[in-house]
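First the structure, which I've put down as structure tokens, then a few questions once you've had a look.
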Amino acid sequence: MGFYYHTKKSVEEYIEMARGHDGRKIIAKLKEHLPAGSHLLEIGSGPGTDWKLLNEHYHVTGSDQSKVFLKHLQANIPESEFLELDAASLNTPLLFDGIYSNKVLHHLEDEALIASVKRQYEILQPGGIVCHTFWHGQDSEIYNDLFVNYHTDEGIGMLFGEYFDHKLFHYYKEFEKGDSFLYIGKKRKGLPT
């Protein structure tokens with residue numbers, strides 16, 4: 001994933017750049033599929049903007065791989081639970097009713113994303129929900145020392161389809177019409193973990 005989120009300067013730059021952006025509309029879609037009070041894992045909590053919105057409805061365990069972001073989160077949202085987690089391995093013994101990420105999983109190369117999807121299935125309770133957003137497009141690039149992997153709904157559908165029943169694909173505009181999409185899936189019954 002590069003080192004962009006691992007320095008104080010870059011984290012401060014990101015917090016400033018992301019000011020005014022949040023997942024309010026995405027969370028509204030999630031609420032249609034995951035009941036209030038559910039235990040939710042947020043992958044890549046970053047500055048904590050979406051964590052605060054999610055926490056209005058759910059019991060949220062936040063996470064990030066960046067120690068700098070974790071320090072920021074723990075200082076600004078005390079008495080909350082944040083785990084140091086890699087988005088691919090998700091090395092935690094905890095189980096969740098839902099898993100959420102907003103523009104995080106696109107930093108994973110294909111093999112790491114496949115591992116993440118399998119691991120998400122394993123740490124979800126029966127009938128659990130995943131809710132993730134992706135940049136729409138083809139190929140990949142390095143941007144600000146960060147790997148960015150673009151996806152299509154067809155590709156994400158195939159990737160998640162082995163473990164999840166598709167509940168929603170929704171295109172939306174972050175900067176330009178149709179540049180982003182939301183995927184919501186429900187954990188399938190009876191697959192091996």
Side-chain angles (χ1 to χ4, degrees), residues 21-46 50-51 53-63 85-90 92 94-140 147-193:
H21 294 277
D22 63 44
R24 190 174 313 273
K25 291 180 180 177
I26 297 157
I27 294 165
K29 299 280 187 194
L30 173 62
K31 286 164 52 181
E32 296 172 11
H33 298 273
L34 186 66
S38 297
H39 189 192
L40 180 74
L41 171 66
E42 181 185 22
I43 300 173
S45 297
D50 283 8
W51 186 96
L53 294 170
L54 291 162
N55 198 53
E56 293 173 7
H57 307 282
Y58 302 112
H59 169 70
V60 185
T61 298
S63 72
L85 288 182
D86 173 81
S89 61
L90 296 171
T92 176
L94 300 174
L95 294 177
F96 303 92
D97 303 307
I99 301 174
Y100 171 93
S101 75
N102 187 358
K103 299 285 180 63
V104 173
L105 297 181
H106 65 260
H107 291 306
L108 300 179
E109 294 185 15
D110 292 343
E111 290 302 314
L113 182 55
I114 291 167
S116 178
V117 171
K118 182 177 187 293
R119 186 65 185 137
Q120 289 177 53
Y121 178 86
E122 293 169 349
I123 63 173
L124 275 174
Q125 299 281 10
I129 296 292
V130 292
C131 176
H132 302 298
T133 62
F134 299 90
W135 289 112
H136 175 243
Q138 304 284 340
D139 300 320
S140 62
F147 176 76
V148 178
N149 202 357
Y150 295 92
H151 295 281
T152 63
D153 57 356
E154 180 181 5
I156 290 298
M158 288 176 59
L159 183 63
F160 278 85
E162 185 175 347
Y163 299 99
F164 296 91
D165 292 321
H166 307 320
K167 293 299 176 184
L168 179 69
F169 285 101
H170 173 72
Y171 278 90
Y172 66 97
K173 171 185 174 181
E174 183 131 342
F175 298 109
E176 299 174 5
K177 184 178 179 182
D179 66 358
S180 305
F181 69 93
L182 164 66
Y183 172 77
I184 295 179
K186 183 176 182 179
K187 180 176 178 173
R188 284 209 176 134
K189 293 181 183 177
L191 295 178
T193 54

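The model shown is predicted, which means the values in this text are computed figures rather than measured ones. Numbers for residues simply follow the sequence, beginning at 1. All heavy atoms count here, side chains included; hydrogens, waters and symmetry mates do not.
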Can you list the residues that meet the side chain to side chain donor-acceptor pair (under 3.5 Å) rule with H57, with sequence neighbours excluded? K31
Taken in chain and number order and not counting sequence neighbours, the residues that satisfy side chain to side chain donor-acceptor pair (under 3.5 Å) with H39 are T61
Does the ring of Y163 carry K187 above it, NZ/CZ under 6.0 angstrom from centre and within 45° of its axis? no
Atom NZ of K29 and atom NE2 of H33: how far apart are they, to the nearest 0.5 Å? 8.0 Å
Is any side-chain heavy atom of Q120 closer than 4.5 Å to one of I43? yes
When the ring centroid of F181 is compared with that of Y172, is the distance short of 6.0 Å? no
Could you tell me if the side chain of Y58 sits less than 4.5 Å from the side chain of L30, heavy atoms only? yes
If you measure from OH on Y121 to CZ on F160, what distance do you get to the nearest 0.5 Å? 14.0 Å
Test item: I184 and I129 side chains (from C-beta on) under 4.5 Å apart, heavy atoms: yes
After noting the C-alpha distance and the side-chain angles of S180 and W135, does the key distance pass the side chain to side chain contact (heavy atoms under 4.5 Å, CB included) rule? CA-CA 5 Å; S180 305; W135 289 112; 3.5 Å; yes
Once side chain to side chain donor-acceptor pair (under 3.5 Å) is applied, do any residues pair with D110, and if so which ones, sequence neighbours excluded? N149
What distance separates I26 CD1 from H170 NE2, expressed to the nearest 0.5 Å? 8.5 Å
